[in-house]
2 protein chains.
Amino acid sequence: MNLLWRSKLGTPQGTRGPKQRVSVDEVIRAGIAVADDDGLPAFSMRKVADRLGLKLMSIYTYVPGRSELIGLMVDEVIGEIPHPPHPDGPLRDRLAGVARHQWDELHRHPWLLQVESSRPWIGPHGCDRYEWQLQAIEGYGLTDLEMDQVITMVCDFTAGSARTSILARRTTEESGITDLEWWEANAPVLERVMPPGAYPLAGRVGTVAGQEYNAVGDPARSFRFGLDRLLDGVETLLRRTAT
Amino acid sequence: MNLLWRSKLGTPQGTRGPKQRVSVDEVIRAGIAVADDDGLPAFSMRKVADRLGLKLMSIYTYVPGRSELIGLMVDEVIGEIPHPPHPDGPLRDRLAGVARHQWDELHRHPWLLQVESSRPWIGPHGCDRYEWQLQAIEGYGLTDLEMDQVITMVCDFTAGSARTSILARRTTEESGITDLEWWEANAPVLERVMPPGAYPLAGRVGTVAGQEYNAVGDPARSFRFGLDRLLDGVETLLRRTAT
DNA sequence: ACGATTTTCCGTAAGGCATACGGAGTTAAG
DNA sequence: CTTAACTCCGTATGCCTTACGGAAAATCGT
């Protein structure tokens, strides 16, 4: 907690002993670089140390442990790109901006969705984020509770959609083959194994979708489509509230 | 792949050598039990072996490795509860059934959202699932592409919302304290550290939401709220398509 | 009936991980 | 100039997956 809010707190420590060779912020940035490159499961304290020219155990003089470092990395990343001011105009466009900001962030740092902390880290940038999200939706006639719920909905949908997108991207990157190549390679097996006519709808829709996407799916397009429907739903709520 | 579709394939092997002491299905079920108890990061081949009364390396005579076993566990879990027939009536109710089915499943097996296979396992139950989801939405005037996109949207939102819910549940379970206790314990720190007046909206809305939820959030309620808005959006799409 | 072959079960070892503990050396305070 | 505090890091413990090879069991072919 003190580490998270370190920018707002002085460093009250006595200054005895050798100077630290790097700073907490450098450790955090090194950690982000490792996670960006290798993903969270392969994120290790040793790799962070290597990247800083330190030995493994020295890292523990900067942060208490692995999970705390990850918590710091999350808040750092949230503050990475300044929140743009919300456009004047319909709520729809403002919420779309909030959603896209998160979508881009999750794609820039795919390991964010792999973070499963059992403690809620509330850092300065996380607070800024929530405040900014609420600014987007305030003043359109919704109650405080509804405002919170709409933000939650937009974020949850964005997270779910981004998860699908990131998984798909990782699949093609790591396996080295495209959707289509995989499908063509496995088609004979599937044809032998699937009872003919057992999946009439899946076959028909899958074929149409596959031709349209030129792949098994098009996550960015699915995100835009879903977000449009979601925002239609919010406008319905606005109209209902107005009466 | 052969293991995934083993129910549709015979066992073409010669039968020499000692009998297997357990079956592949028992290994899968043991794996599910371990993952249910401990989560995927703590899921280990040794625990599966222990649960079956075998030694570690014997498991590798049933399945090729850890990730393949997890792929089998996923398809097994998808087939765990038979898909109920869709109710006659508005599309809204049918899609709500699809979403709730997945919501319940994810909460029954929270490790599902921790699975990040780099290969798309297409198993028999996964195919059944997709076919069943499409049955829900067919016949309401949407194109094949729209049908696929609406299903994707509902599933993505449900996954994102369930993720929030499961994380919150795990937090209270593992830390042993409730949202409120945590908040009360950390309030003094936060008050000292947050510039007063820096978060006017977050403070106001957070307080209102906290009082209403009796916690930091109410994920099940957020899910219902978001799903309602989402389905409002689908109905808007239906009306627009009808004209 | 009796090798040959196949298959299962498992011991060992290699190489990865987090982190507890304690020691050596460095710096500033008193 | 002593002493206390602090950084860096070597070592050790106890997890993890999985490659490899050996021993025993069960059936096949003769």
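Here is how names work: the chains are called A, B, and so on, in the same order as the sequence lines, proteins then strands, and each is numbered from 1. Computed from heavy atoms alone, side chains included, the values below leave out hydrogens, waters and symmetry copies.
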**Prompt:** Which whole-number value in Å describes the distance from I70(B) CD1 to dT17(D) C1'?
**Reply:** 12 Å

**Request:** Let me know the distance between CZ of R46(A) and P of dC16(D), rounded to the nearest Å.
**Result:** 19 Å

**Message:** Which residues in residues 34-45 of chain A have a heavy atom closer than 4.0 Å to any atom of DNA chain D?
**Reply:** none

Validation: residues 157-166 of chain B side-chain donor-acceptor distances under 3.5 Å, sequence neighbours left out:
from	atom 1	to	atom 2	distance (Å)
T158(B)	OG1	V154(B)	O	2.7
R163(B)	NH2	L113(A)	O	3.1
R163(B)	NH2	V115(A)	O	3.2
T164(B)	OG1	D156(A)	OD1	2.8
T164(B)	OG1	G160(B)	O	3.3
S165(B)	OG	H107(B)	NE2	2.6

**Request:** Would you please name every residue forming a side chain to side chain donor-acceptor pair (under 3.5 Å) with D75(A), sequence neighbours left out?
**Result:** H125(A)

**Item:** Gap between atoms CZ and P, on R66(B) and dC15(D) respectively (whole Å)
**Value:** 16 Å

Can you name the atoms? Protein N/O to nucleotides 7-10 of chain D N/O, anything below 3.5 Å, with the distance.
from	atom 1	to	atom 2	distance (Å)
dT7(D)	OP1	Q20(A)	OE1	3.2
dC8(D)	OP1	R21(A)	N	2.8
dC8(D)	OP1	Y62(A)	OH	3.3
dC8(D)	OP2	T61(A)	OG1	3.3
dC8(D)	OP2	Y62(A)	OH	3.2
dC9(D)	OP2	K55(A)	N	2.9
dC9(D)	OP2	S58(A)	OG	2.8

**Message:** Going by the rule side chain to side chain donor-acceptor pair (under 3.5 Å), which residues pair with W183(A) if we only count those two or more places apart in sequence or in a different chain?
**Reply:** none

**Request:** Nearest 0.5 Å please: distance from the CG atom of L72(B) over to the CH2 atom of W121(B).
**Result:** 7.5 Å

**Complete:** Here the salt bridge (Lys or Arg N to Asp or Glu O under 4.0 Å) pairs for residues 28-46 of chain B, sequence neighbours left out, are D37(B)-R51(B), D38(B)-K47(B)

**Prompt:** Do NZ/NE/NH1/NH2 and the carboxylate oxygens of R6(B) and E76(B) come within less than 4.0 Å?
**Reply:** yes

**Asked** Please give, in whole Å, the distance from dA19(D) P to I59(B) CD1?
**Response** 15 Å

**Message:** Regarding R129(B) and E105(B), does a basic nitrogen lie under 4.0 Å from an acidic carboxylate oxygen?
**Reply:** yes

**Fill in**
Heavy-atom closest pair (W5(B) atom, I122(B) atom, distance to 0.1 Å) is NE1-O, 2.9 Å

